[in-house]
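Step one of this worksheet: look at the structure below.
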Amino acid sequence: MSFDDYMRYMTETFIKHFERPKAERKQIRLKRKEASPPKLYQWFGLMPYSIRMIFKR
């Protein structure tokens, strides 16, 4: 991929993003945030999950 192709891709992505209405951009951001795992699991992996499972029993 050449630099020109990369710049074209970045420019198109940037333009697409700002052509969307602000409400739609906000909805997309919220969906992405809800789909991500909790921060505790991202930072420490499966350890918090396994500890929670032990204490839940």
Side-chain angles (χ1 to χ4, degrees):
M1 179 184 251
S2 69
F3 181 73
D4 291 336
D5 293 335
Y6 182 70
M7 281 304 293
R8 182 176 296 124
Y9 168 75
M10 291 301 292
T11 305
E12 288 173 0
T13 305
F14 185 78
I15 299 290
K16 278 186 208 175
H17 174 76
F18 282 103
E19 283 182 344
R20 290 184 179 142
K22 189 171 185 176
E24 186 179 340
R25 291 192 308 243
K26 197 172 214 177
Q27 286 288 13
I28 292 171
R29 194 176 324 122
L30 288 174
K31 284 181 186 176
R32 197 177 327 131
K33 190 174 184 178
E34 288 173 356
S36 69
K39 295 292 182 200
L40 189 64
Y41 297 149
Q42 277 184 329
W43 294 339
F44 301 110
L46 290 176
M47 287 303 293
Y49 180 73
S50 61
I51 292 171
R52 190 177 81 179
M53 290 293 288
I54 289 171
F55 287 116
K56 203 171 198 180
R57 289 184 182 179

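- Other residues, nucleotides and ligands contribute only 12 or fewer heavy atoms inside 6.0 Å of the CG atom of Leu46.
- Around atom CZ of Arg8, no more than 12 heavy atoms belonging to other residues, nucleotides or ligands sit under 6.0 Å away.
- Partners of Phe55 according to the side-chain contact (heavy atoms from CB on, under 4.5 Å) rule, which considers only residues two or more places apart in sequence or in another chain, are Ile51.
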Which side-chain N or O atoms in residues 11-24 pair as donor and acceptor under 3.5 Å with protein atoms at least two apart or in another chain?
from: Thr11; atom 1: OG1; to: Met7; atom 2: O; distance (Å): 2.7
from: Thr13; atom 1: OG1; to: Tyr9; atom 2: O; distance (Å): 2.8

